[in-house]
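Heads up: the structure comes next, in C-alpha cells.
Both backbone and side-chain heavy atoms feed into the values below; hydrogens, waters and symmetry mates do not. We name chains A, B, ... by the order of the sequence lines, and we start the count at 1 in each one.
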There are 2 protein chains.
Amino acid sequence: MKLTSFELDVMQYLWQQTEATSPEVHAYITKTRDVTYSTVKTIIDRLEQKKVIKRHRVEGRTIYYQTLVTPKEVQKPMLKQVLQKLFAGNKKLLMNQLFEQDDLSQEDIQYLENLIKRDKKL
Amino acid sequence: MKLTSFELDVMQYLWQQTEATSPEVHAYITKTRDVTYSTVKTIIDRLEQKKVIKRHRVEGRTIYYQTLVTPKEVQKPMLKQVLQKLFAGNKKLLMNQLFEQDDLSQEDIQYLENLIKRDKKL
DNA sequence: ATTTTATCTTGACAAGTGTAGAGGTAACAA
DNA sequence: TTGTTACCTCTACACTTGTCAAGATAAAAT
C-alpha cells in the first residue's frame, strides 16, 4: 500500500468526502498548485489501478469515486517505512524531531499526555 | 535535501561511521538485501553529486567518503513532508499512529514524558 | 438538429530511481 | 615481472512519477 506524493494529495481529499468526481479533485488540487485536469485524472486512474479507490457510481459522463482503503491502512506501513529509513527505527529520534519541528501546540501536548496516560493503563 | 529510500539506507550507515569506503557500504547493505557492488556505488556517486557526501581521503584505489549533512538536516524537511502528505499536517494523528505502531517501549514513554516536561518549561 | 461544453480516454514524454554489466587499472601476490 | 584481485568508471536500461495534449463523446444549450 505505497502511494506517491501526488497520490496522497488526492487521497487526502477523497478521504474527507464521501465521494468525489475528477473535476472536483482537480479543483481541490488547483487551490495549491497549477496542474491540468489531465494530470489529476491520470493520478486518479493510477489510484484506481492500484485498487485504492473505485468508481462508486456514474451519472451521465461523470464518474464518482470513493476510497477503498482507510487513512490508517496507508499511514501505518508508510510511517513505519519513514521510521526505518529516516530515523533508523529509533522512535525517540522521531519524537524529538516532532517536538523540534515547529513547536507543538498546547492542544497537541495535552493530546500526547492523554495518549501516555491511556498507554500506561494497559 | 530530498533523498531516496536507497540513498537514506546508505546515509544511515555513513552517519554512524566517521568515514567509509564503497565496499564497506556494500557489505553493510548486503546484510539486508542482495545488490551488487555496482548498484551501491551508483547510489554513492549520486549522493556525491547531490553534495551530501564527499570524498574525504583516498588511499591507493580506495576512496573514503564522509557525510556533508547531519541527520537532522535531512530528517526535518522530510518529516515535515510526511506530516503534510500522510497526515494532512495533523500532528495528533501522527502521534497516535506512532503509539499504535508497535507499542512504544517503557523507555520511549519515559523519553516522551521528559520531552513534554522540558517543553512546558519554555 | 446543431453547436457548445464538460468529462473521459489514450498516448506520450522527461526526469528520477533501482539495478547491474563491461571494462579499466592500481595494488598486491607469486 | 607478470598474473590476480579489488575497486573504480562508464554506460545502460526498465520502471515509476509527474506532466500534459489530442481526440472522442455524452450531455446540455441554443
Side-chain angles (χ1 to χ4, degrees), chain A residues 1-14 19-66 74 78 81-82 84-86, chain B residues 1-14 17 19-66 74 77-78 81-82 84-86:
Chain A
M1 207 54 50
K2 192 182 291 172
L3 302 182
T4 71
S5 176
F6 203 154
E7 285 169 352
L8 284 170
D9 289 339
V10 172
M11 288 305 280
Q12 218 59 257
Y13 179 71
L14 258 23
E19 59 173 21
T21 69
S22 305
E24 282 167 3
V25 175
H26 180 225
Y28 166 74
I29 296 291
T30 303
K31 286 196 294 187
T32 310
R33 47 218 156 91
D34 211 18
V35 281
T36 67
Y37 168 81
S38 266
T39 300
V40 172
K41 186 55 163 62
T42 298
I43 300 299
I44 291 176
D45 290 344
R46 287 180 186 161
L47 285 169
E48 203 187 347
Q49 283 179 347
K50 288 186 176 184
K51 302 225 191 285
V52 291
I53 68 175
K54 71 154 191 251
R55 287 160 190 239
H56 178 45
R57 69 193 178 86
V58 178
E59 191 176 305
R61 296 239 65 209
T62 306
I63 303 162
Y64 290 79
Y65 293 92
Q66 214 171 44
V74 173
M78 288 191 76
Q81 185 78 350
V82 168
Q84 288 309 317
K85 298 285 177 175
L86 203 50
Chain B
M1 208 53 53
K2 193 183 291 173
L3 302 181
T4 71
S5 176
F6 202 154
E7 285 169 353
L8 283 171
D9 289 339
V10 172
M11 288 305 280
Q12 218 59 256
Y13 179 71
L14 257 24
Q17 313 297 133
E19 58 174 22
T21 69
S22 306
E24 281 166 4
V25 175
H26 180 224
Y28 167 74
I29 296 292
T30 303
K31 286 195 295 188
T32 311
R33 45 218 158 91
D34 211 17
V35 282
T36 66
Y37 168 81
S38 265
T39 299
V40 173
K41 186 55 163 62
T42 299
I43 300 299
I44 291 176
D45 290 344
R46 288 180 186 162
L47 285 169
E48 203 187 348
Q49 282 179 348
K50 289 188 177 182
K51 302 222 189 289
V52 291
I53 69 174
K54 71 156 193 250
R55 288 160 189 241
H56 178 45
R57 67 191 181 86
V58 178
E59 192 175 303
R61 296 242 65 209
T62 305
I63 303 162
Y64 290 78
Y65 294 92
Q66 213 172 43
V74 173
M78 289 192 76
Q81 185 78 350
V82 168
Q84 288 310 316
K85 297 287 176 177
L86 202 51

Could you state the atom-to-atom distance from [atom1] of [X] to [atom2] of [N] in whole Å?
X	N	atom1	atom2	answer
B:Met11	C:dT17	CE	P	15 Å
B:Gln49	C:dG16	CD	C1'	12 Å
B:Glu59	C:dC28	CD	P	9 Å
A:Lys2	D:dT17	NZ	P	9 Å
B:Ile29	C:dT19	CD1	P	10 Å
B:Ile43	C:dT17	CD1	P	9 Å
A:His26	D:dA21	NE2	P	11 Å
A:Asp45	C:dG11	CG	P	13 Å

Under 4.0 Å from OP1 or OP2 of [N]: is there any side-chain N or O of [X] that close?
X	N	answer
A:Ser38	D:dT19	no
B:Thr39	C:dT19	no
A:Lys41	C:dT7	no

Checklist entry - Just wondering, do B:Ile29 and B:Tyr13 contact through their side chains at under 4.5 Å, heavy atoms? => result no
Checklist entry - Less than 4.5 Å apart, any side-chain heavy atom of A:Met11 and any of A:Val52? => result yes
Regarding [X] and [Y], does a basic nitrogen lie under 4.0 Å from an acidic carboxylate oxygen?
X	Y	answer
A:Asp9	A:Arg33	yes
A:Lys54	A:Glu48	no
B:Arg46	B:Glu7	no

Listed nucleotide nearest any side-chain atom of [X], set [options]:
X	options	result
A:Arg61	C:dA26, D:dA26, D:dC20	D:dA26
A:Arg33	C:dA26, D:dT19, C:dC8	D:dT19
B:Phe6	D:dC20, D:dT17, C:dG18	C:dG18

Item to check | Polar pair under 3.5 Å, donor/acceptor by atom type, side chain B:Arg46, base C:dG18 | outcome: yes
Next on the checklist: At less than 3.5 Å, do the side-chain atoms of B:Thr21 and the base atoms of D:dC7 form a donor-acceptor pair?
Outcome noted: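 No, the side chain and the base share no sub-3.5 Å donor-acceptor pair.
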So what does [X] hit on the nucleic acid, given a heavy-atom distance under 4.0 Å: a base, only sugar-phosphate, or nothing?
X	value
A:Thr4	sugar-phosphate
A:Thr62	sugar-phosphate
B:Ser5	sugar-phosphate

Checklist entry - Between A:Leu3 and A:Thr42, who's closer to the 5' end of DNA chain D by nearest nucleotide? => result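 The residue whose closest nucleotide sits nearer the 5' end is A:Leu3.
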